[in-house]
Structures are given as structure tokens and as C-alpha cells.
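Please read the structure below before turning to the comments.
Here is how names work: the chains are called A, B, and so on, in the same order as the sequence lines, proteins then strands, and each is numbered from 1. Side chains included, hydrogens not; waters and symmetry mates left out as well; all remaining heavy atoms used.
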There are 2 protein chains.
Amino acid sequence: MVTIKDIARTLGVSVGTVSKALNGRDDVGDELRARIIDTARELRYEPDPIARRLVTKRSRTLGVFMLDRQGFGVRRNFGWLFLDGILRGAAARDYDLVLFSNTDDTRYERSYIDICRSRRVDAAIIVGLRGDDRYLEDVLNAPIPVALIDTEVSGGTATFVSSDNKAGAALALEHLAFLGHEKVATLRAPFSYPGRLRYEAWAEFAAARGRYRDDYIRDGDFTPESGMAAAAAFASMKDMPTAIFAASDLMAIGLIRGFERLGVRVPEDVSIVGFDDIPNADLVGPALTTVAQDTLGIGQAALDAVLDELDSGSRREEILVAPRLVVRRSCAAPGGAPDFLPEGSPAASRGVRRTP
Amino acid sequence: MVTIKDIARTLGVSVGTVSKALNGRDDVGDELRARIIDTARELRYEPDPIARRLVTKRSRTLGVFMLDRQGFGVRRNFGWLFLDGILRGAAARDYDLVLFSNTDDTRYERSYIDICRSRRVDAAIIVGLRGDDRYLEDVLNAPIPVALIDTEVSGGTATFVSSDNKAGAALALEHLAFLGHEKVATLRAPFSYPGRLRYEAWAEFAAARGRYRDDYIRDGDFTPESGMAAAAAFASMKDMPTAIFAASDLMAIGLIRGFERLGVRVPEDVSIVGFDDIPNADLVGPALTTVAQDTLGIGQAALDAVLDELDSGSRREEILVAPRLVVRRSCAAPGGAPDFLPEGSPAASRGVRRTP
DNA sequence: CTCTCTGTCGAAAACGTTTTCGATTCCAGC
DNA sequence: GCTGGAATCGAAAACGTTTTCGACAGAGAG
């Protein structure tokens with residue numbers, strides 16, 4: 001390992017000067033600086049990040065916590081996809097990422113912030129923090145910049161980044177309206193914060209059109225099973241809706257499976273639109289039309305938030321990133337052909353994407 | 001931040017003694033050691049990992065590279081699952097994980113091993129390395145322990161860890177045989193190494209039963225589209241197989257979608273079994289029966305491999321971890337009811353798992 | 001010519017550990 | 001009483017940087 005001393009020795013200068021030259025300080029002569037840079041390159045010198053951290057007290061690393069909600073967020077959902085966005089952002093700004101997870105109990109007898117402290121990370125991004133987490137207090141009062149992704153809590157000094165749930169739901173509802181649906185129901189998940197927002201969008205949309213009906217509301221818990229149950233409930237109605245907006249893909253797929261079992265066809269008899277765009281949502285029965293969370297954008301936004309706070313000290317309360325409607329095959333005009341998709345959909349102007 | 005000096009000062013001893021006491025050296029008195037440990041706890045002292053690394057030259061961190069094969073491994077959310085296993089193993093052995101990805105081009109103008117060197121990580125785990133990677137040479141001659149996951153290359157000093165593909169395929173084929181299938185075809189992916197192994201298992205199985213037929217072999221490329229094409233080809237045969245073993249879930253789902261379009265029912269008319277157990281494979285049309293890769297086990301095995309090599313210097317060429325058959329609804333007895341699953345399946349004795 | 005200022009460089013401390021080596025004490029054994 | 005060794009502790013170097021401060025030269029101003 002070639003150190004700064006080696007290049008100091010070969011040039012007959014002091015290590016301090018080498019350090020200053022390499023770091024672009026202005027108190028070193030142009031000619032000498034050039035020679036230092038040359039031999040540094042020649043010797044294939046790379047500064048030791050460890051030694052640098054020891055003196056600068058900044059580690060240029062940030063901790064990422066992937067919190068496992070008993071397999072809910074991580075295994076089938078897209079928790080990992082956020083990581084992709086974080087990763088790209090970190091690479092672009094030359095930060096390192098150290099990864100933690102709370103699946104192992106022995107290690108997480110300590111608060112996440114405590115772990116950050118002991119690992120000397122500059123900032124933290126936590127994905128999947130729940131409102132009843134036992135370390136919630138610590139997180140909200142953290143002495144370092146913290147960004148929260150895919151979480152249901154609010155308040156405190158952390159910055160929250162999530163999809164713009166109401167705008168996303170509006171995208172889906174506008175698409176259904178454009179297809180000609182008047183009787184659109186919702187399968188909501190009112191126990192969660194994003195679930196409530198998505199429902200509110202539905203309620204406002206329905207009310208604005210004079211189409212609000214209490215019996216077009218069913219409650220689920222984000223599981224496919226609750227979707228199947230809701231399908232049975234909807235199918236037994238005398239005035240069945242022609243379209244259903246589900247608060248999550250998992251429930252939307254549950255609806256599809258439920259209707260399938262009951263012999264009602266999707267999308268011929270009823271259109272279904274989900275929310276999330278979980279992995280392989282394009283492969284389930286009729287490929288799912290859904291509003292896709294911009295997981296990459298969310299991850300990058302979270303990273304930028306903590307790093308900006310680190311640099312400038314300016315903290316942002318909340319960051320909403322726009323989702324995108326991706327139309328596939330689970331929605332059609334009421335009674336129309338499944339492939340019908342008129343040009344000029346209002347959703348199209350906002351970045352609709354069509355995939356096979 | 002309370003340092004080792006604080007402890008030394010409050011106790012009136014030297015820092016060296018404190019360090020030795022805390023690290024369990026034997027040249028410090030029992031009574032003094034007890035007092036040191038007490039005040040360390042009292043002062044909430046935590047050793048600074050940065051300073052420690054500087055002197056010990058071991059960072060207790062390892063680099064993980066998630067290589068993106070243009071969205072193939074990563075976006076479908078398979079690669080990330082390995083990370084979960086790696087994470088748990090690292091937590092158990094008190095190592096930190098720094099994460100890299102090659103999605104950002106600017107950062108990866110350098111070899112992965114070069115990055116490890118500059119980041120001073122002790123070992124590396126690379127998931128998704130391709131045989132035509134431009135840094136392949138560097139990886140195979142790396143001066144640090146390296147484990148390769150989900151890769152198609154071999155040779156060199158790295159240790160390869162993957163599913164036992166032949167055993168897994170055998171699991172699926174035995175299950176089909178037990179259900180009563182005599183005419184089982186395969187949709188293979190011969191361009192990839194695991195694909196070839198899975199095919200070989202089919203060929204051996206078929207040959208052993210005198211059921212080998214060239215026209216029961218179709219080739220795909222791991223995409224759902226190739227599965228749909230194969231479905232059309234199989235459906236047009238005069239002597240159509242009653243079961244198909246697909247070399248991947250994506251192709252298996254493609255088969256299902258293709259048959260669905262042609263009006264042949266799964267599993268009533270043809271049984272289909274896949275390989276991988278990708279996320280949400282239980283939600284596609286008929287829930288997919290498949291052989292599940294033990295992603296957790298693979299990740300942990302990779303981690304143990306590099307860490308053991310670090311500790312003892314003993315390297316392992318290859319590690320095969322056993323997959324598991326998970327039976328759902330895409331397989332049935334030929335002409336039988338979809339829910340038929342006889343007791344005492346031979347696969348059951350090897351850890352078959354049944355999920356709704 | 002002297003004084004001050006600017007530009008350029010080196011010396012040294014500092015960051016928080018670990019580890020080596022030597023010093024000191026104490027006690028057993030002769 | 002002296003020697004030898006074991007037990008216990010401290011001093012100091014070392015790891016590879018960054019940063020502060022002072023030294024020195026030269027130049028420009030008075």
C-alpha cells in the first residue's frame with residue numbers, strides 16, 4: 001500500500017505539502033503541485049479513507065436500515081428497490097453505504113441511531129419504520145440527518161420521503177374516468193397512512209362527480225386474501241361497480257383472483273387498478289394496470305435530502321415524489337374490449353407508461 | 001464522544017492498560033480490569049472503529065457488489081434476496097457491509113477489486129457476475145477472499161456458491177412423476193450454466209425412464225415471451241406432454257400465459273413447474289409450483305465462505321445449497337383435479353413446502 | 001534601506017486506537 | 001541474601017492522514 005509518505009520521500013518534500021497539494025489547497029506552488037500530482041498518479045497512490053476519517057471526523061458513509069416487517073415489506077414488496085435508488089445517488093456523490101437490517105435480533109437490541117453512532121456514519125436512511133417501533137423516539141430526535149422511506153410516522157427532525165399518494169390515486173381514477181367508468185369503487189387500507197391518503201383521493205374524486213357511495217367502499221389489510229374477500233363482497237352486490245381502485249397491488253391481485261374464482265372476468269366485467277407496481281405485477285393473470293411508485297426517485301431523493309442537510313444544514317420536512325400510471329391489461333372501458341385504450345388519455349400527459 | 005483516554009484519566013492509568021483490559025489481554029490485574037470495565041460501561045464508552053482499523057489493518061467490513069444485468073437480475077427482485085442472507089450472516093459475525101452497484105457508470109470505470117482495495121474492505125461478495133464482464137480477470141485473481149453468487153463463470157481463486165441445480169430439478173421431476181406424469185417435457189435455457197444443469201437433470205431423468213424425446217425439448221431465454229412461444233409450440237403437438245418443467249419461473253409463467261391464451265387449462269390439461277420461486281410467484285394465474293432457491297442460505301453460505309477464508313485461510317471451490325420444492329396449484333395429476341396432492345410424495349421427504 | 005506583505009513550504013500536533021518493550025514489584029527457590 | 005521469573009503496568013511508537021502555525025524568501029511600498 002503506497003502512502004503519502006512514499007510520494008513525499010521520492011520528491012524530498014514534506015507529507016503536509018503533499019496532502020495540501022493533493023487536496024487543492026492554495027498554499028503550494030504550481031510547479032511543485034504538478035510534480036506531486038504526477039508522482040502520485042505514477043505510484044498509483046490512493047488516500048486511505050480510514051486514516052482520513054480519523055482526522056476529519058467525517059466518514060463519508062451513511063447507514064441504511066432495511067427494516068423487516070415480518071416479510072411484508074422486504075420479501076414481496078419493493079423495499080429493496082429503494083435501495084437501488086439510494087445506491088445510485090450515493091455513487092454519484094461519492095459516498096459509501098453501509099447496510100443494516102433488523103432481522104437479526106441479537107444485533108438490534110440497540111437503537112438504530114445508537115448503531116449509527118457506534119459506526120460513525122454521517123447520516124441514515126431508514127426504510128420501513130413503523131409507528132410502533134420501540135426506537136421511534138430515538139429516530140425522531142436523532143443528532144444526525146435522517147430520512148425515512150416507506151414509513152407511516154411523522155413529526156420530529158427526520159425528513160419524510162414518499163410517493164405523492166393522493167396524486168397517484170388521482171392518476172388512476174382519472175384513467176378510469178376517461179375509460180368511461182362511472183361506478184368506481186375502492187378497496188382501501190385505512191389502517192395505514194398511505195392507505196388513508198389513497199382513499200381520500202378516491203373520496204374527493206367520487207364526491208366531485210356526485211358518485212360517492214358508502215357501499216362502494218371495502219376495507220382490506222394489504223393482503224391478497226383481503227382482496228379475495230372483497231371480490232366476493234363486490235360480486236354479490238346488486239349494483240356492482242364497473243371498476244375498482246385498490247390501495248395496493250397485493251389487494252388488487254387478490255381481487256382478480258377472487259373474481260376469477262367467481263367467474264367474473266377482468267377486465268371485461270370489471271376493471272381493476274392497483275397501486276405500487278410490485279415486482280412481476282406484469283405477470284399476474286391479466287397484467288395489472290397500476291400506479292407505479294418511483295422507487296428509484298424516492299431512494300435518490302432520500303439520499304439527496306440527508307446529504308444536503310449534511311452540507312448546508314437545511315432540512316426538509318417532507319418530500320413527495322410523483323408516481324406514474326402504467327397501464328396494462330386489467331382495465332378496459334366498461335363492457336369494452338380489453339385492449340381498448342383511447343388516445344389522449346389525461347393520464348398520458350402526466351407520464352403514463354404502457355407495457356405489455 | 002468518550003474515548004479511551006477519558007477512562008484512563010478518570011482511573012489514573014495509562015491508555016495502553018485500558019486497551020489491554022478491554023481487549024481481554026492477560027497482562028492486566030483482575031481487580032484493575034474490573035474497575036476499567038466498570039467505568040467503561042459507566043461512561044458509555046464505545047471504541048472508535050475508525051481508529052481501530054487504522055492500526056489493526058483489518059476493517060471488519062466487506063464489500064457487496066450488486067451487478068445489474070440490464071434489469072434482469074435486479075429489477076425482478078431476485079438478486080436483492082441474496083442480500084438479505086448476506087446481511088444476516090454479517091450481523092451474526094459482527095461485520096459491516098458496504099454496498100456497491102454497477103448501475104452508475106462513472107464510478108465503475110474501475111475494477112471491483114480495485115474498489116475493494118481503495119475502500120479497504122477485507123473481502124467481497126459479487127452477485128450476478130457475467131462471463132463476459134470486463135473485470136472478470138481481476139475478480140478471479142483477487143488478492144482478497146471473494147465469493148460469487150448467481151454467476152455463470154468458474155475457475156480462479158474465487159469460491160462459487162449457488163443452488164444445487166441438478167438436485168432441485170430432480171425434486172421437481174420426481175414430484176411430477178409421483179403425480180403420475182409420464183410425458184413430461186422441458187423448456188430449457190441452454191445458453192446459461194444453471195440452465196444447462198437443470199436440463200441435464202431432465203435428460204437423465206427422462207432417459208432413466210425410457211422417456212427421452214427430442215421433441216419434448218424447447219429452448220427459451222429466461223423471458224416470459226419465450227415461454228409463451230414455447231406454449232404455442234407444445235400446444236400444436238399431436239402428442240402433447242402432460243407436464244412441463246421450465247428452467248425458470250419467468251418462462252414457466254410465460255407458458256401459463258401462453259396456454260391460457262390458447263384455451264388449454266393449467267393444471268387440468270397440462271401441469272407446469274418452474275424454478276427459482278421469484279417474488280409473488282404465488283400470485284400469478286394458478287399459483288406456481290416451483291423449486292425455490294434458498295436465497296437466504298446462499299447469501300449466508302457466501303458470507304461464511306469469505307469470512308472463513310479470512311480467518312483460517314482455507315478456501316472452498318464451490319458451495320451448493322439445496323433448493324426446496326414448493327408445491328402450489330400449477331401442477332396436478334394428469335387429468336386429475338387441481339387440488340389433488342397425494343400423501344407421501346417423495347419430494348415431501350426432502351422438505352417440500354405447500355403454500356396456498 | 002527598512003518594513004510589511006504575500007507566497008511557499010516544513011514541522012509538528014492531532015485524531016483514537018493497538019502493540020511492543022521495558023520497568024517495576026513481588027515472591028519463590030536456592 | 002541473592003537470583004530468577006512471573007505478574008502487572010506505563011511509555012511510546014505506530015497507523016496515514018489533515019491542519020495549524022511558524023519560518024523563510026522575495027517583492028513591493030514607504
Side-chain angles (χ1 to χ4, degrees), chain A residues 1-41 43-61 94-96 116-122, chain B residues 1-41 43-61 94-96 116-122:
Chain A
M1 239 2 42
V2 36
T3 79
I4 212 173
K5 293 182 185 176
D6 297 320
I7 108 176
R9 192 170 342 107
T10 67
L11 249 46
V13 299
S14 78
V15 294
T17 309
V18 176
S19 172
K20 283 183 288 188
L22 259 25
N23 288 356
R25 297 264 170 169
D26 59 350
D27 62 341
V28 47
D30 291 339
E31 190 262 355
L32 177 56
R33 177 194 307 275
R35 269 168 50 219
I36 288 177
I37 292 181
D38 280 351
T39 63
R41 194 191 336 264
L43 263 43
R44 312 205 50 172
Y45 165 76
E46 297 200 60
D48 187 337
I50 309 282
R52 177 177 289 173
R53 281 168 209 177
L54 184 60
V55 46
T56 61
K57 310 305 273 175
R58 282 194 50 172
S59 66
R60 279 198 90 80
T61 68
D94 198 39
Y95 265 73
D96 280 347
C116 287
R117 214 169 52 90
S118 88
R119 289 301 189 287
R120 307 296 196 270
V121 299
D122 294 337
Chain B
M1 241 359 42
V2 35
T3 79
I4 212 173
K5 293 182 186 177
D6 299 319
I7 306 180
R9 192 168 345 106
T10 66
L11 250 47
V13 299
S14 78
V15 293
T17 309
V18 176
S19 172
K20 283 182 290 189
L22 258 25
N23 288 357
R25 297 265 173 169
D26 59 350
D27 63 341
V28 45
D30 292 339
E31 189 261 355
L32 178 55
R33 178 194 307 276
R35 268 170 48 220
I36 288 177
I37 292 180
D38 280 351
T39 62
R41 192 189 338 264
L43 262 42
R44 314 206 49 172
Y45 164 76
E46 297 200 60
D48 187 338
I50 308 282
R52 176 178 291 173
R53 282 168 209 179
L54 184 60
V55 47
T56 60
K57 310 303 274 174
R58 282 194 50 172
S59 65
R60 280 198 88 81
T61 68
D94 197 38
Y95 265 73
D96 279 347
C116 288
R117 214 170 51 91
S118 87
R119 290 301 190 284
R120 307 296 197 270
V121 299
D122 293 338

Rounding to an integer number of Å, can you tell me how far B:Ile36 CD1 sits from D:dT8 C1'? 11 Å
Using 0.5 Å steps for rounding, measure from the CE atom of A:Met1 to the CG atom of A:Asp6. 10.5 Å
Kindly say whether B:Ile50 contributes a backbone atom to a donor-acceptor pair with the side chain of B:Asp48 at under 3.5 angstrom? yes
Mind listing the residues from residues 2-10 of chain B sitting with a heavy atom below 4.0 Å of DNA chain C? Number order is fine. B:Thr3, B:Ile4, B:Lys5
If we only count heavy atoms from C-beta on, is the B:Thr39 to B:Leu11 side-chain gap below 4.5 Å? yes
Enter the distance from B:Asp27:CG to B:Lys20:NZ here, rounded to the nearest 0.5 Å. 4.0 Å
Is B:Leu32 touching bases, backbone alone, or none of the nucleic acid, heavy atoms closer than 4.0 Å? sugar-phosphate
With a 3.5 Å distance limit and no angle check, can you tell me whether A:Arg120 reaches the backbone of A:Ser59 through a side-chain donor-acceptor pair? no
Salt-bridge contact A:Asp38-A:Arg35 (side-chain N to carboxylate O under 4.0 Å): no
Within the side chain of B:Arg33, is there an N or O that forms a donor-acceptor pair under 3.5 Å with the backbone of B:Arg25? yes
What nucleotide among D:dG10, C:dT17, C:dA11 has an atom nearest to a side-chain atom of B:Ser14? D:dG10
Go through it in stages, so that I can follow the logic: the residues are B:Leu22 and B:Ile37, the test is side chain to side chain contact (heavy atoms under 4.5 Å, CB included), and I'd like the CA-CA distance, side-chain angles, deciding distance and then a yes or no. CA-CA 7 Å; B:Leu22 258 25; B:Ile37 292 180; 4.1 Å; yes
Round to the nearest Å and state the distance from B:Met1 atom CE to C:dG16 atom C1'. 12 Å
Please name the residue in the list B:Arg52, B:Glu46, B:Arg53 that meets the side chain to side chain contact (heavy atoms under 4.5 Å, CB included) test with B:Pro49. B:Arg53
On DNA chain D, check which nucleotide each of B:Gly29 and B:Ala51 is closest to and give me the residue with the more 5' one. B:Gly29
When you measure from the side-chain N and O atoms of B:Lys57 to the phosphate of C:dT18, is any distance below 4.0 Å, counting only OP1 and OP2? no
Return the polar atom pairs (N/O with N/O) between nucleotides 19-25 of chain C and the protein under 3.5 Å, or none.
| unit_1 | atom_1 | unit_2 | atom_2 | d |
| --- | --- | --- | --- | --- |
| C:dT19 | OP2 | B:Arg25 | NH2 | 2.8 |

Scan B:Glu31 against the nucleic acid and name what it touches under 4.0 Å (heavy atoms): base, sugar-phosphate only, or nothing. nothing
Residues B:Asp96, B:Arg58: salt bridge by 4.0 Å N-O rule: no
Protein-nucleotide distance (B:Leu54, atom CG; D:dC15, atom C1'), rounded to Å: 4 Å
End-to-end axis angle, where each axis spans five pairs of the helix from C:dC1-D:dG30 to C:dC30-D:dG1, to 10°: 60°
